[in-house]
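The next block holds one structure in the form of structure tokens; read it before the comments.
Not measured: the values here are computed from a predicted model.
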Amino acid sequence: KEDTKQVDTQDDANDDAPMEPIFSFAIIADPHISTKNSHYDRAQKAIEWLNSNAKARQIELVFILGDIGWHEGLVMARDLFKTLAIPYFPIIGDNEIQNGDQDEAFDQAYSTYIDGFSSQYANFKRAKLPINNPEISGPSWFQNYSFDYKGIHFVALDFNNRSKDKSAGRFVSEQGQ
């Protein structure tokens with residue numbers, strides 16, 4: 001004899017209720033800050049908009065996806081993004097690596113801020129830095145971290161090429177076409 005269970009197929013009253021968002025997050029991609037130029041001004045306007053609209057749009061996190069800044073722009077970008085009223089999460093891009101070996105400089109600019117996530121976000125984990133990178137026969141500061149926020153697990157991965165290949169950052173076919 002098989003066990004059977006009768007299932008109520010009537011719609012639950014809550015099934016028709018509209019979904020309510022838990023929160024929103026924003027993404028700023030490739031700010032490209034190297035000096036106080038149009039890229040800096042554009043990032044500043046984005047920050048102003050986010051600060052003005054965060055509450056109404058339930059924006060609680062901002063992810064800054066790569067190519068944030070290099071050389072003097074790296075610290076300039078960090079200081080600019082500190083004006084966000086919302087927590088932000090910097091993710092390194094290939095331009096920080098390929099524009100003058102900014103691998104370690106990125107870590108110096110953001111490590112204190114990123115390490116602060118451990119006391120603010122559940123399940124925060126960050127890869128140990130630096131690591132020996134056999135591809136370049138030296139150290140690399142891979143910026144990998146993850147955390148939980150309101151039941152969602154976020155992962156920031158650094159897949160940037162650390163080689164000194166002139167084609168890094170560009171798509172080049174195997175045949176050189």
Side-chain angles (χ1 to χ4, degrees), residues 25-44 46-47 50 60-84 86-177:
F25 63 86
I27 294 174
I28 298 175
D30 297 357
H32 284 222
I33 297 172
S34 58
T35 61
K36 284 195 174 181
N37 57 16
S38 62
H39 294 279
Y40 183 94
D41 294 341
R42 219 176 3 250
Q44 191 169 37
I47 290 167
L50 286 164
E60 297 181 16
L61 306 172
V62 177
F63 295 91
I64 305 173
L65 304 183
D67 300 350
I68 297 170
W70 47 91
H71 304 300
E72 63 273 2
L74 192 57
V75 172
M76 193 180 304
R78 181 202 59 204
D79 293 344
L80 177 62
F81 288 115
K82 281 183 180 179
T83 65
L84 270 165
I86 310 158
Y88 74 92
F89 299 85
I91 301 168
I92 195 169
D94 68 326
N95 284 356
E96 284 89 2
I97 307 302
Q98 300 302 323
N99 285 310
D101 299 323
Q102 299 291 287
D103 196 9
E104 185 176 7
F106 185 93
D107 187 63
Q108 290 172 348
Y110 290 103
S111 65
T112 302
Y113 181 75
I114 292 170
D115 288 340
F117 299 159
S118 64
S119 63
Q120 300 170 16
Y121 300 98
N123 202 25
F124 174 78
K125 293 183 178 120
R126 185 175 188 206
K128 292 184 184 207
L129 300 169
I131 65 159
N132 181 44
N133 184 346
E135 291 182 4
I136 63 167
S137 301
S140 286
W141 285 259
F142 289 104
Q143 301 293 325
N144 298 313
Y145 59 89
S146 65
F147 63 95
D148 294 340
Y149 185 75
K150 294 193 175 181
I152 299 171
H153 188 66
F154 290 91
V155 179
L157 295 176
D158 174 356
F159 283 102
N160 293 295
N161 184 354
R162 265 51 176 198
S163 74
K164 303 301 177 204
D165 182 357
K166 299 283 185 212
S167 66
R170 290 180 274 165
F171 293 106
V172 179
S173 74
E174 294 292 322
Q175 293 82 23
Q177 297 176 353

Let me have the donor-acceptor pairs involving side chains of residues 129-140, under 3.5 Å, with sequence neighbours excluded, atom names and distances please.
{"unit_1": "Asn133", "atom_1": "OD1", "unit_2": "Glu135", "atom_2": "N", "d": "3.0"}
{"unit_1": "Asn133", "atom_1": "ND2", "unit_2": "Ser140", "atom_2": "OG", "d": "2.9"}

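- Between the side chain of Tyr110 and the backbone N or O of Arg78, at least one donor-acceptor pair lies under 3.5 Å.
- To the nearest 0.5 Å, atoms OH (Tyr149) and CZ (Phe117) are separated by 12.5 Å.
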For side-chain contact (heavy atoms from CB on, under 4.5 Å), just list the numbers for Arg162 and Phe142, CA-CA rounded to whole Å, side-chain angles, deciding distance to a tenth of an Å, and then say yes or no.
-> CA-CA 10 Å; Arg162 265 51 176 198; Phe142 289 104; 3.3 Å; yes
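- More than 12 heavy atoms of other residues, nucleotides or ligands sit less than 6.0 Å from atom NZ of Lys150.
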For Ser34 and His39, what are the C-alpha separation, side-chain angles and deciding distance, and is it a side-chain contact (heavy atoms from CB on, under 4.5 Å)?
-> CA-CA 8 Å; Ser34 58; His39 294 279; over 6 Å; no
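- Look at Arg126 and Asp107 and you find a salt bridge, because one of the NZ, NE, NH1 or NH2 atoms lies within 4.0 Å of a carboxylate O, short of that distance.
- A donor-acceptor pair is defined here as one N or O able to donate and one able to accept, closer than 3.5 Å; such a pair exists between the side chain of Glu96 and the backbone of Gly69.
- Nearest heavy atom pair, residue Ile97 against residue Asn161, reads CG2-O, 3.3 Å.
- Between Ile28 and Tyr88 the shortest side-chain heavy-atom distance does not fall below 4.5 Å.
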Tell me, with the steps shown, if Asp67 and Asp94 meet side-chain contact (heavy atoms from CB on, under 4.5 Å).
-> CA-CA 6 Å; Asp67 300 350; Asp94 68 326; 3.0 Å; yes
Does the pair Phe81 and Ile47 meet the rule for a side-chain contact (heavy atoms from CB on, under 4.5 Å), with working shown?
-> CA-CA 7 Å; Phe81 288 115; Ile47 290 167; 3.6 Å; yes
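- The distance between the ring centers of Phe25 and Phe154 falls below 6.0 angstrom.
- Within the 4.5 Å cutoff, no side-chain heavy atoms of Asn123 are placed close to those of Ser146.
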